[in-house]
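Within every chain, numbering begins at 1; the chains are lettered A, B, ... in the order of the sequence lines, protein sequences first and strands thereafter.
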Amino acid sequence: MALQIYNVLHREKEPFVPLHEGRVNMYVCGPTVYDHAHVGHAKTYVAFDVVVRYLRYSGYDVLYVQNLTDVGHILDSGEDRILKKARQTQSLPMQIAETYARSYFADMDALGVVRPDISPRASGHIPEQIEMIETLLAKGHAYISDDGNVYFDVRSWPEYGKLSNRRVEEQEAGSRESVREDKRNPEDFALWKLAEPEHILRWDSPWGVGYPGWHIECSAMSRKYLGDTFDIHGGGVDNIFPHNECEVAQSEAANEATFARYWMLVGSLTVPDEFGVPVKMSKSLGNFYTIKDALKLHRPEVLRLFILSGHYRNPIVFSEDALDAARKGWDRIYGAVRLVRTKLQSAPEGDAGGAFRDVVDKAKQQFIAAMDDDFNAPGGLAALYDLTREVNTLLNSSETVGRGVVEAIDQTYRELGGTVLGIVPEEEAAMASTSAEREAGLIQLLLDLRADARAQKDFARADQIRQQLTGLGVTLEDRPDGTIWRVD
RNA sequence: GGCGACGUCGCCAAGUGGUAAGGCGAGGGUCUGCAAAACCCUUAUCGUGGGUUCGAUUCCCACCGUCGCCUCCA
């Protein structure tokens, strides 16, 4: 079965056929960089990271574009988020954008999220946005209001609402906010706004000095790098309306071409409130955990596994208990990986135990079948857990296993767990420095001494060594073929 | 009020028109000097009520509950 993707546009799974064979052009709405990213962002971008990784693993040449919003994202109060932060911290707006863009990349790097190929910023694409607005005006899908602002004319575009399945007539016009008088219709959205004197983020335009609306950046930038029509558009479900809806409308109106062919939207991350009821984590509610804080408590692989243990379209509830369960599951998988890598050092040449290759192949097929079904990462993980049980059984048995087979197992973990899911590290980071090498040597020395003690049935001495090492965070495992250790 | 989604073992979570993966936890074993780890066994009839069907957890309707969006949010 070839890859199927749940297309939000049609509310069903569809076979994935890219516009150009072997190539995938993909755009994902990025963050507004006015604060540190929280674990909700981690969910969204880890989910798309795995999408991109799996597409590449499947042989596609992926061009992945993810924007950074650094202008135009207006608050209810009419204030720009970036400007607000700049005022609060007495900084320049671009200083804020730069600070948090770096913070965002640092977080994503730490989470093992592969960087997008292009990370365009809204502020760096003002001409492209102006050009698209001019096109919309020329085609009669936008108008200049009495106040001089430019709005998209929703009534001129009957398809408006097709993504979020909302009919303009159904909306309670201006029920939540006073309708801006200069709009023809309350649902019209801003393409360009004239800047008030105190608004520092400002650019020249045919309509005067001002700044672009929030939605137009994604339309302009995706078009610039991916073309009028591209394959996949991603983002968080919470942006389906109005943001994504506006993107589709203005892009298709301006380009007279289909915008994104497949829409993939990720479920939100929630956090229990004081009564245990899950509520959405968001910056404005102030109930968020930053990725930096989460990474102080958990390895990035554990955070990823937690995120991937639910399907990307479903919401997940963030809690320490859930993270703890994820950590234990991860320990099991990684324990097997470590065992495999240990065995690799002593495995005899040859293909003894070659029948196990069937088990490995089966796991791989199971994994691919799951991922081909709309990137079902939980199913993929189940394949890894099944494999792990088999691997443990094999390597803990007295059966001789040749190097070729052990290598095949290791390779499978590297591909599926490492390359695709990003939860199996390449090498133990702790081994990557000279001081760590020295430490390993010292521990081995103690293990040798302990082995002597055990041989002489001096268990008191043997246990003393083990206990002291445990106290230092080094756990020992006595195996038939020797003692191995790990740092917790 | 409108739109969207969800409700599967104690917890988390896949999935299928023909009686349900996986993880965590719990109980019982095996192995071990002890431990650690691992492995084995046990642990669900799928929110409620109808309907369609030979047969539904899976399709349809209603209801209850929860979440998201409709206003900035990944």
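Proximity of A:Asn314 to the phosphate of B:A14: a side-chain N or O atom is located under 4.0 Å from OP1 or OP2. Residue A:Arg332 has a polar side-chain atom (N or O) positioned under 4.0 Å from OP1 or OP2 of B:G23. Distances shown here put every side-chain N or O of A:Ser397 at or beyond 4.0 Å from the OP1 or OP2 atom of B:C39. The side chain of A:Trp214 places an N or O atom within less than 4.0 Å of a non-bridging phosphate oxygen (OP1 or OP2) of B:C73. Put simply, A:Asn392 has no side-chain N or O that comes within less than 4.0 Å of OP1 or OP2 on B:A37. For the pair A:Arg327 and B:C24, the criterion of a side-chain N or O lying under 4.0 Å from OP1 or OP2 is not met. A close approach under 4.0 Å does not occur between any side-chain nitrogen or oxygen of A:Asn165 and OP1 or OP2 of B:C3.
Residue contacts shown for A:Tyr45 are limited to sugar-phosphate atoms, with no base heavy atom under 4.0 Å away. Backbone-only engagement by A:Arg389 is indicated by non-hydrogen atom pairs under 4.0 Å involving sugar-phosphate atoms exclusively. Among the heavy atoms of the strands lying under 4.0 Å from A:His311 are primed sugar atoms or P, OP1, OP2 only; no base atom is included. Among the protein residues, A:Ala382 comes within range of the nucleic acid bases, having at least one heavy atom under 4.0 Å from a base atom. Residue contacts shown for A:Gly30 are limited to sugar-phosphate atoms, with no base heavy atom under 4.0 Å away. Using a 4.0 Å heavy-atom criterion, one finds that A:Leu476 contacts the bases of the nucleic acid, with or without backbone contacts as well. In this structure, A:Arg486 reaches the sugar-phosphate backbone alone: every heavy-atom distance under 4.0 Å involves primed, P, OP1 or OP2 atoms, never a base. At the heavy-atom level, A:Asp321 lies nowhere under 4.0 Å from the strands shown.
Between A:Phe241 and A:Tyr160, the ring-plane angle classifies as perpendicular under the 30° and 60° cut-offs. Relative ring orientation between A:Tyr225 and A:His125 is described as perpendicular, the plane-to-plane angle rising above 60° on a 0-90° scale split at 30° and 60°. Ring-plane geometry between A:Phe259 and A:Phe230 is classed as perpendicular, the angle between the planes exceeding 60 degrees on a 0 to 90 degree scale with a lower cut at 30.
One atom, CG of A:Leu305, and another, P of B:C12, lie 17 Å apart when rounded to the nearest Å. Spacing between atom CZ of A:Arg454 and atom C1' of B:A36 amounts to 11 Å, rounded to whole angstrom units. Rounded to whole Å, the distance from CG on A:Asn244 to P on B:C3 is 20 Å. Atom CZ in A:Phe375 sits about 17 Å away from atom C1' in B:A14, given to the nearest Å. Regarding A:Asn239, its CG atom lies at a distance of 7 Å from the C1' atom of B:C73, rounded to whole Å. When rounded to the nearest whole Å, the span between OH of A:Tyr160 and P of B:C70 equals 11 Å. Whole-Å rounding puts the A:Ile291 CD1 to B:A74 P distance at 11 Å. Between A:Leu381 atom CG and B:G23 atom C1' there is a gap of 9 Å when expressed in whole angstrom units.
For A:Leu269, taking side-chain heavy atoms from C-beta onward, the closest of the listed nucleotides B:G33, B:C70, B:A74 is B:A74. The side chain of A:Pro378 sits closest to B:A14 out of B:C72, B:A14, B:C24. Of all nucleotides listed (B:C73, B:G15, B:A5), B:A5 comes nearest to the side chain of A:Tyr6. Candidate nucleotides B:C73, B:A36, B:G15 were compared by shortest atom distance to the side chain of A:Glu477, and B:A36 ranks first.
Checked against a 6.0 Å centroid threshold, the rings of A:Tyr289 and A:His38 do not count as neighbours. The six-membered or imidazole ring of A:Tyr104 lies near that of A:Tyr45, with a centre-to-centre distance under 6.0 Å. The ring of A:His36 has its center no closer than 6.0 angstrom to the ring center of A:Phe288. Here A:Tyr262 and A:His233 keep their ring centres 6.0 angstrom or further from each other.
The nearest heavy atom of RNA chain B to A:Ala322 and to A:Gly40 marks one nucleotide each, and the one closer to the 5' end goes with A:Ala322. In terms of position along RNA chain B, the nucleotide closest to A:Arg11 lies nearer the 5' end than the nucleotide closest to the other residue of the pair A:Arg11 and A:Gln366.
B:C6: Watson-Crick or G-U partner is B:G65, with both key distances under 3.5 Å. Nucleotide B:A26 has B:U42 as its partner under the Watson-Crick or G-U criteria, with both atom distances under 3.5 Å.
Contact annotation: side chain of A:Asp478 to base of B:C34, donor-acceptor pair present below 3.5 Å.
In the region residues 456-474 of chain A, proximity to RNA chain B at under 4.0 angstrom, judged on heavy atoms, holds for A:Phe459, A:Asp463, A:Arg466.
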Nucleotide N/O of nucleotides 63-68 of chain B paired with protein N/O under 3.5 Å:
residue	atom	partner	partner atom	Å
B:G68	OP1	A:Lys280	N	2.8

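Taking the ring axis of A:Tyr151 as reference, the NZ or CZ atom of A:Arg184 does not stay both within 45° of it and closer than 6.0 Å to the ring centre. Within the cation-pi definition used here (under 6.0 Å to the ring centroid, within 45° of the axis), A:Arg115 qualifies as a partner of A:Phe105.
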